[in-house]
Amino acid sequence: MIEIPKAYEPQSVEAKWYQFWLDQGCFTADPGRVSERRPAYSIVIPPPNVTGVLTLGHVLNNTIQDILARKARMDGKEVLWLPGTDHAGIATQNVVEKTLKKAGEIRHRDDLGRDDLVERIWQWKEKYGGIILQQLRALGASCDWSRTRFTMDPEYSRCVQNVFVDLHRKGLIYRGKRMVNWCPASLTALSDEEVIMKEQKGSMYHFRVEVAEKPGTFLTIATTRPETIPADTAVAVNPKDPRYQHLIGCHVYRALPVETPKEQRRIPIIADEHVDFEFGTGVLKVTPAHDKADYEIGLRHGLPVIDLLTPDGRLTAEAGPELSGLDRFVGRKKAAEILEAAGALAAVEPYSNNVGFSERADVPIEPRLSEQWFLKYPSVQEAKACVAEGNLRFFPDRWAKVYDHWLNGIQDWCISRQLWWGHRIPVWYRKGGTEIHVDLEPPADVANWEQDPDVLDTWFSSWLWPFATMGWTGDRSVDAQNPALRAFYPTTDLVTGPDIIFFWVARMIMAGYEYCGDMPFRNVYFTGIIRDKQGRKMSKSLGNSPDPLDLIAKYGADALRFGVMRAAPLGQDVLFDEQSVELGRNFCNKLWNACRFRQMQGGAMEGEIHPDLLTSDDRWILIRLDQAVREVTQAFADYKFSDATATLYRFFWSEYCDWYVEASKAALVRPEGVVRTPQQEALAANKLAVMDLVLGSLLRLFHPFLPFISEELWHGMGFHQDLPEDRGGKTLLSASWPKPFTTEERDYFGLDDTADRVAQAKYDLITLGRGLRRDCKIDPAKRVKFVLRPSGELPAAEAEVIRLLLNAETLEVTPGFAPPKGTPMAANPLGELFLPLEGLVDVAAERARLGKELEKVRAEIAKVEAKLSNPAFTEKVPAKVLEEHRQRLLDWQAKERQVLSSLENLSS
RNA sequence: GCGAGGUUAGCUCAGUGGUAGAGCACUUGCUUCACACGCAAGGGGUCGCAGGUUCGAAACCUGCACCUCGCACCA
């Protein structure tokens, strides 16, 4: 720091240090260094989609991971933060297909064919797939980039196929024709977790059907989906429903398609417990092909299945000529019109119901019967037990309940996807035969076989992330010798959003037990969701989602990190406001200037602290530093990062800058031409030594949150100079985390309650004195005279601090001072502070203020007296609390006397 | 319907039985030789509502209201 600019300029500083850390290999994890004295700390990144760009959600998530990783390094651990991306099957294939269509290269993916399209996606991935990881570097993420993984790396892919083959061999993976969630936009099956229920405003259509055996008798049926009537193969009633019991076994004529001869539209009236006779008319149309519950009914009663929807959600010829070819929603309206024209529509009423939507494509899904691969989850009991027994901990722990609840009700996982981009299912079918081949390698005579065209769900690869990224092979003897797995598995912490607790977290835990025999991580920190100021989710369409890189360019990465962390309490959503980043920037600037101030004082760095030269201010700031170290360290242990930032903010700004630095000027600032005595020199040097201790500790405490500016100042101030290479000499990143003072150190420096109280009383008196100045409307620039009548001994150095911070010309310390009548006065345990009148004082204003003060004091006295005069209170309360209250009464009474005498002084 | 979380200053939130707090915003005044991305002094809250337990409740218990989010779901 040769030339120190007045304001901190993050741009060049951040780029410089990130490159330095990379060049020095600071982020590289070496399993060989792990030992009992140097424990491992590891964390795997939740792999962002390879299509993704950095969002504020990523900022929150990865800042927390970086904070944890940096803190662990300072704790002397061998740290692995493993980065990477996942291939995001549907999203990536969509993006590339869309791009190619836009460029006019293809109209449909079939124009290219499977191999060529996959090739194009790879090209696209090579070109754009690293963007988000590059962006993380701007944030300061200390990932071990040499271990960057991608879920479709050859080794990783092999893990995925390996696991498929193994689970198949164990009988947990099977193929079957089932009702699945079908996405008509992406043209693939989805898992239950990828379907989100949304309330939809639609209509309930009531239509009539005639009972075949009893002409003239009609049943009214309520439905939200009249377009599926042509696929009805029964109507069902509850067997206990007296209204319809007599009709069970009869038939009705299905209402659509009207063109079909009546007799061909006969469908049975069946009895099924599933039907709720409270709901609607108590008569249910049964459409086994297009509803999960109806499919079950169909199975129970052996009903035929009529499929009338194409994969992309249009009606087939089964729906009749008028509906055929229509989109399902267009068909719905048309079906209602046809019913109305036929006189079969009894009523249409507005109706709200929940409809499953494809999470990714945001269109209603269709329950659809199709042949898919399913997984019966492995190691469920272990996964449940480790969380229930508290071996694997969730922060906040309420998620444990959500997790347990989900595990208790899980259905088999549909893992096949009708896509081209992803891990192809390692299954071959013999052409013209029934034989199947499930293996990592294709059959020898592969020409006679056909490989399953589907790929696996992306989550079926990311659930292996914690160990597949570390070179797991599935061969026990090989894996037992794998240094990375041995050192870093199980990982220590996982940081992720609660929205993927089922998708990812739960499944990783099961995979961890199944394939490594242990949990994949010990702690899971669930972040909140980033919202805008009004509490709305960030979204592209709302345009309320600022680009983090813009924010970094404007305010600096440290500012963004600090702002976000300050606003993100554990377990709560984060309402993001650019103002909080601005606050982060201001904070960095304050830190910069605090160090600049120290720098301008010159003198030796980190001199020895002589206890006999410590003033009450010095002792006070050391006590506060000790407190701050304890609080921040505890906050880390509890994963309460916003508590840590709050403590740092308070200590650095409100305690160190506002009081300590200001007070230190009494000893440090030398008026021109004045030569300091050797004693004054020694005091000043001692103060600088205290400052250096505080600043050196502060930079360490700040480092996990503000890695760039702290590193810049660490070097600029020269804190690195006398430290060992690997403990802060080379970089702050590996400096040791500050420890609270030991009892010996506290004794040595004289850090006791008295020191704390004296300084506190001094600052209190200064605030009171400033109040006098204001009440008396004295220009802040005017250097007035104060007189202090001390209640005890007051060293000259202490008095000088008071004088300076009151901006007083002089402060007379006069034990027997007798003020003239009308002199404004403020008092506290340290003494009475007078502002002698010079004909300028606004007596009325001061009297008004004191009157208000007196009122307040007396109210407090009344409150305490009321308590103390209550026998129930004095008899039952613990002695300590009683004593506290008695002391409180004395304090308030003293205050009352002080205010009264101030008032008396005023009256002339 | 079941479950979880929330309701404290204008805003965002701390506060696990004993004197209601912080930051921001607001008001007033200040180019005080680290910082106007700053300094100083202020104003501002019947702690969602109603009961209960207790000498004492923002905190513990019960009920209610409202807001969020999961899970399930009836056509």
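Numbers restart at 1 for each chain; the letters A, B, ... are given by sequence-line order, proteins then strands.
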Got a donor-acceptor contact below 3.5 angstrom from the A/Arg566 side chain to the A/Tyr649 backbone?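 No: the side chain of A/Arg566 does not pair with the backbone of A/Tyr649.
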Identify whether any heavy atom of A/Thr767 sits under 4.0 Å from a base atom; if not, whether one sits that close to sugar-phosphate; answer base, sugar-phosphate or nothing.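 Sugar-phosphate contact only.
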Touch class at under 4.0 angstrom, heavy-atom based, for A/Ala594 against every strand present: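 A/Ala594: base contact, heavy atoms under 4.0 Å.
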Report the nucleotide, chosen from B/A75, B/G23, B/A20, that has the shortest atom-to-atom distance to any side-chain atom of A/Lys863.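 Given the options B/A75, B/G23, B/A20, the side chain of A/Lys863 is closest to B/A20.
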Counter-base of [N], judged by Watson-Crick or G-U geometry with both distances under 3.5 Å:
N	answer
B/A9	none
B/U68	B/A4
B/A50	B/U62
B/U27	B/A41
B/G18	B/C55
B/A34	none

Do the side-chain N or O atoms of A/Lys554 get closer than 4.0 angstrom to the phosphate oxygens (OP1, OP2) of B/C37?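 No, outside the criterion.
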Donor-acceptor pair under 3.5 Å: do we get one between A/Lys665's side chain and the base of B/A34?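 Result: at least one qualifying N/O pair found.
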Establish whether the base of B/C35 is bridged to the side chain of A/Lys6 by a donor-acceptor pair shorter than 3.5 Å.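 A donor-acceptor contact between them is absent.
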Do A/Lys401's NZ or CZ and the ring of A/Phe394 fall within the cation-pi criteria of under 6.0 Å and 45°?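 Judged by the rule, A/Lys401 and A/Phe394 form no cation-pi pair.
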For A/Trp892, is the NZ or CZ atom of A/Arg858 found under 6.0 angstrom from the centre of its six-membered ring and inside 45 degrees of the ring axis?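 Here A/Arg858 fails the 6.0 Å and 45° test against A/Trp892.
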Send over the distance from [X] [atom1] to [N] [atom2], rounded to a whole Å.
X	N	atom1	atom2	answer
A/Lys856	B/G42	NZ	C1'	10 Å
A/Phe562	B/G23	CZ	P	13 Å
A/Tyr660	B/A34	OH	C1'	15 Å

Quick one: which of A/Ile267, A/Asp294, A/Val275 gives a side-chain contact (heavy atoms from CB on, under 4.5 Å) with A/Val286?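 Checked A/Ile267, A/Asp294, A/Val275 against A/Val286; only one passes side-chain contact (heavy atoms from CB on, under 4.5 Å): A/Asp294.
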